[in-house]
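In this text, all values refer to a predicted model and were calculated from it rather than measured experimentally. Here is the naming used below: chain letters follow the sequence lines, and residue numbers restart at 1 for every chain.
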Amino acid sequence: MAALVDGQEKDMSHEIKHSCTVEGIKADSAAGMYILRHSTAHLLAQAVTELYPNAKPTIGPAIDRGFYYDFAMESITEADLKPIQKKMQELARRNFTIERLELDDRDLRQHFATNSYKLEIIDDKVGEGTGSTIYKQGDWYDLCLGPHVPNTGKLMFCKLTSVSSAYWRGDQSREQLVRIYGIVEPTKDALKQTLHRMEEAKKRDHRKLGRDLQLFHIDEEVGQGLILWTPRGAVIRQELQHFIGEHLTRQGYSQVFTPHIGKLDLYRKSGHFPYYQDSQYPPLVEKDLMKKLSDEGCSCSELSNMMKTGDIDGYMLKPMNCPHHVKIYASQARSYRDLPLRLAEFGTVYRWEQSGEISGMTRVRGFTQDDAHLFVTEDQIGQEVLGCIELVQIIFDKLGMKDYRVRVGLRDPDSSKYVGDPARWDKAEQACRAAAASLGVDWSEEEGEAAFYGPKIDFVVKDVIGREWQLGTVQVDYNLPERFDLSYKGSDGGLHRPVMIHRAPFGSMERFCGVLIEHFAGRFPTWLSPTQCHILTISQKHTEYANSVADQLKEHGIRVEIDDGDDTIGKKIRTHRKLHPAYMVILGDGEAENNTVSLRGRSGDQVADIPLTEFVSNLRAEIDDKSSKPNLV
RNA sequence: GCCAACGUAGCACAGCUGGUAGUGCGUCGGAUUUGUAAUCCGACGGUCGGGGGUUCGAGUCCCUCCGUUGGCUCCA
């Protein structure tokens, strides 16, 4: 693809004038794929400009899974991608040499005189008098630093995947551009494999599985982004909640319950209202007051103003649980001996997410956080943050979720939006770093990712489409204790301000389950399976035995479903397979006579004639162990 | 919220350039009583997302609203 020259990425069009070390970059490395993708983005731009002479290329980088290029042009549809792709392949076949040309400022501007976007980039990124480089293939060229592959022949195996839109420079107030996404591989086989993988991934999409496996339902008439947990899905959620509940008890948490709404004044104090009004459901106003105002001819905007200024009060669906928990803390005088005080609640919150953002279970308007707030002394921050992320790790380990990254969100040094004393920030950031480092997994620091009230540690996972979702989070907060004037009596007899830690190891039950459905591709470990045994009878004369087996399993708390219909056993298996039960239990004459069961696992493997009592106890043990997958077949 | 595409029975889909809807699975009924990935026959089921318009006539064209999908923006 290109080469490392003295450790720097260069392409074949670089002239080497001194002695140096040269190391090839191949497509099997991340760097090589990156170059391949970037070069294909150029090829795409070349094809688009040939087919749409008015299109102006803007930027087109390589990304994790492929590449995209943004064009200022008339909008196009997916159907238009085919001819563009054809053109790209034609250009690839013509095997243009990709040349690197160094130009001075004037020349550079002249080359892009008709493209205001490129000129803007030159203005911003290219220093006065330094000039820059363009890459040329055939008659087409692009402003670019490279490196690139030596010729377009290397770019044969590409496919355009989707078209969408983007704002110029990610700024909502600026022009909307046409963005075309694509993928590329070095060989035909690799492309085929990648496309196949993408197809397979689609089958795991939690939105599809959620419907097929009857886990949840979203109903237009209920509302966008509002999840209805159907019986099978509810089982999974409940099991997860029990699981985490056990660990909370072990770690010294206290369970609390708080209502779904609170007065506007509460949120005025916490700072959520009216500052974050746009991302909240509109406030609820008391009936009598509403009637009085409407009799007085109060308009909507007047009402809204009166709420903002605090002239009238109302209630809000809670966007977070913390103010309620703060009030529990403040309900008693606290001493340093009470700390850390850890208040936990599966608290449902409501946020007005933008309609275009809502997606399945992963981005919703109402969700239940496995929330907790820890009230700690400043010295306890490090230890408690550590306890929190250990909890996250226990959960991720148990569920076999290894594909996540840890992000330590620090403040942006150039911003003034943060509240609190910089020295305390430093200390809290250090505590977060140390905690993350102790995890033994890769983690990264990201400036500007902190909340305005404190640094945080996030656990981020990808869905099947490659989108990243924040799940677990641990956040240090100096702000709320201040706003609510929280205190505790120290050993010195004086009053001190506690620090709060917000934490949610799953993040939200909705998002977490969505990700989990994809993680397991609907094939949950036995303890999480909505139904653990599907009992299938060979014929109707086995119904009685099937019922007695089901009863014994249920006695042991095992979730069972019986199919004693008159389908053939082959048909029953076919039907039930689609629900991915942990086990199918087949019952016929032999089993009924000997008080045994025959099992069929997900792979299709079978074990015949296991004594019923043995099966029950083994299955019970497997569930109690929370084994990562069914092992009895 | 913005851009684009899409929206036909519970699900997956067909319906060409406008002439009042089809298939498969599921469901229900009947026959069959079956040993590990579909037994046979039959029936029910949709005013084609909602509303408005063009037209003699609209699932098919136009407008609008709602929703879905892919992005963008946002995410206390």
- Message: Using whole Å, what does the distance between atom C1' of nucleotide B/rG10 and atom CG of A/Leu228 come to?
- Response: 16 Å

- Pairing partner (Watson-Crick or G-U wobble, both distances under 3.5 angstrom) of B/rC28: B/rG42

- Item | Pairwise C1' distance for B/rU55 and B/rC61, with rounding to whole Å | 10 Å

- When the P atoms of B/rC41 and B/rG26 are considered, how many whole Å apart are they? 13 Å

- Message: Taking the basic N atoms (NZ, or NE/NH1/NH2) and the acidic carboxylate oxygens, is any pair closer than 4.0 Å for A/Asp567 and A/Lys572?
- Response: no

- Item | Nearest listed nucleotide, side chain of A/Glu220, among B/rA76, B/rU36, B/rG67 | B/rG67

- With both distances under 3.5 angstrom, what nucleotide forms a Watson-Crick or G-U wobble pair with B/rA37? none

- Query: Whole Å only: how far is the NE2 atom of A/His324 from the C1' atom of B/rA76?
  - Reply: 16 Å

- Rounded interatomic separation in angstrom, taking CD from A/Glu446 and P from B/rC75: 15 Å

- With sugar-phosphate taken as primed atoms, P, OP1 and OP2 and all else as base, the protein-contact string of nucleotides 25-35 of chain B at under 4.0 Å (heavy atoms; B, S, -) is -S----BBBBB

- Query: So A/Phe375 and A/Tyr329, would you call those rings parallel, tilted or perpendicular, with 30° and 60° as cut-offs?
  - Reply: parallel

- Item | B/rU23 versus B/rU8 - spacing of their C1' atoms, nearest Å | 13 Å

- Item | A/Arg207 side chain near B/rG70 phosphate (N/O to OP1/OP2, under 4.0 Å) | yes

- If you find the nucleotide of RNA chain B closest to A/Gln470 and the one closest to A/Asp212, which residue's nucleotide is nearer the 5' end? A/Asp212

- Message: Over all strands shown, is A/Glu74 touching base, sugar-phosphate only, or nothing at heavy-atom distances under 4.0 angstrom?
- Response: nothing

- Task: Starting from C1' on B/rC11, measure out to CG on A/Leu213 and report it in whole angstrom.
- Result: 13 Å

- Query: Would you call A/Glu561 and A/Arg232 a salt bridge, using N to O less than 4.0 angstrom?
  - Reply: yes

- Query: Rounded to the nearest Å, what distance is computed from the CD atom of residue A/Glu78 to the C1' atom of nucleotide B/rU69?
  - Reply: 10 Å

- Task: Quickly work out the A/Gln606 CD to B/rU36 P distance and round it to whole Å.
- Result: 8 Å

- Is A/Tyr167 side chain donor-acceptor paired with the B/rC2 base, going by distance under 3.5 Å alone? yes

- Message: Can you see if the side chain of A/Arg174 gets near the phosphate of B/rC2 - specifically, an N or O under 4.0 Å from OP1 or OP2?
- Response: no

- Task: Compare side-chain N and O positions of A/Arg169 against OP1 and OP2 of B/rC72 and report whether any pair is under 4.0 Å apart.
- Result: no

- Query: How many Å lie between CD on A/Gln354 and P on B/rG67, as a whole number?
  - Reply: 14 Å

- Query: What is the nucleic acid contact for A/Gln224, judged by heavy atoms within less than 4.0 Å: base, sugar-phosphate only, or nothing?
  - Reply: sugar-phosphate

- Would you kindly check whether a donor in the side chain of A/Ser279 faces an acceptor in the base of B/rA76, or vice versa, at under 3.5 angstrom? yes

- Query: From B/rG70, B/rC75, B/rA76, pick the nucleotide closest to the side chain of A/Ser359?
  - Reply: B/rG70

- Message: Tell me the interatomic distance from A/Lys208, atom NZ, to B/rA12, atom C1', rounded to whole angstroms.
- Response: 8 Å

- Item | Sugar-phosphate only, base, or nothing, as touched by A/Tyr275 at under 4.0 Å among non-hydrogen atoms | nothing

- Should the pair A/Arg342-A/Glu384 be classified as a salt bridge under the 4.0 Å nitrogen-to-oxygen rule? yes

- Whether A/Phe512 and A/Phe506 hold their rings parallel, tilted or perpendicular, with breakpoints at 30° and 60°: parallel

- Message: Whether A/Ser355 contacts B/rG1 is assessed here as follows: a side-chain N or O lying under 4.0 Å from the phosphate OP1 or OP2. Is that the case?
- Response: yes

- Query: So what does A/Arg179 hit on the nucleic acid, given a heavy-atom distance under 4.0 Å: a base, only sugar-phosphate, or nothing?
  - Reply: sugar-phosphate

- Item | Nucleotide of B/rA37, B/rA76, B/rG71 approaching A/Pro319 most closely (side-chain heavy atoms) | B/rA76

- Message: For the P atoms, the ones on B/rC44 and on B/rC56, what distance do you get once it is rounded to whole angstrom?
- Response: 36 Å

- Message: Looking at A/Gln176 and B/rC2, is any side-chain donor or acceptor paired with a base atom of the opposite kind under 3.5 Å?
- Response: yes

- Message: Please give the distance between the C1' atoms of B/rC72 and B/rA14 as a whole number of Å.
- Response: 34 Å

- Message: Suppose we call a contact any N or O donor and acceptor under 3.5 Å apart; does that hold for the side chain of A/Tyr69 and the base of B/rG71?
- Response: no

- Between A/Ser165 and A/Gln176, does any side-chain donor sit less than 3.5 Å from a side-chain acceptor? yes

- Rounded to whole angstrom, note down the C1' distance from B/rG59 over to B/rC48. 5 Å

- Going by atom types only, do A/His325 and A/Glu345 share a side-chain donor-acceptor pair under 3.5 Å? yes

- Looking only at B/rA76, B/rA4, B/rG1, the nucleotide nearest the A/Thr77 side chain is B/rA4

- Can you find a donor-acceptor N/O pair under 3.5 angstrom joining the side chain of A/Ser165 to the base of B/rG71? yes

- Salt bridge flag under 4.0 Å for residues A/Glu482 and A/Arg497: yes

- Message: For A/Thr194 and A/Lys159, which I'm curious about, is there any donor-acceptor pair between the side chains at under 3.5 Å?
- Response: no

- Task: Could you tell me whether A/Arg467 contacts a base, only the sugar-phosphate backbone, or nothing, with contacts defined as non-hydrogen atoms closer than 4.0 Å?
- Result: sugar-phosphate

- Task: Please determine, for B/rA4, whether a Watson-Crick or G-U wobble partner exists with both distances under 3.5 Å, and give it or none.
- Result: B/rU69

- Output yes when A/Asp265 and A/Arg268 qualify as a salt bridge under the 4.0 Å nitrogen-oxygen rule, no when they do not. yes

- Message: Tell me which nucleotide, if any, is Watson-Crick or G-U wobble paired with B/rC13 when both distances must be under 3.5 Å.
- Response: B/rG22

- Message: Students often get this wrong, so: under 4.0 angstrom with heavy atoms, is A/Tyr181 touching a base, only sugar-phosphate, or nothing?
- Response: sugar-phosphate

- Message: Work out how far the P atom of B/rG10 is from that of B/rG45, and round it to whole angstrom.
- Response: 12 Å

- Item | B/rG7 and B/rG51, which share atom name C1', separated by this distance in whole Å | 16 Å

- Task: Just compare B/rG1, B/rG71, B/rA76 and give me whichever is closest to any side-chain atom of A/Lys456.
- Result: B/rA76

- Item | Minimal non-hydrogen separation, A/Gly60 against A/His38, with atom names | O-CD2, 3.7 Å

- Query: For A/Ile218 and A/Gly604, take the nucleotide of RNA chain B holding the closest heavy atom to each; which residue's nucleotide lies nearer the 5' end?
  - Reply: A/Gly604

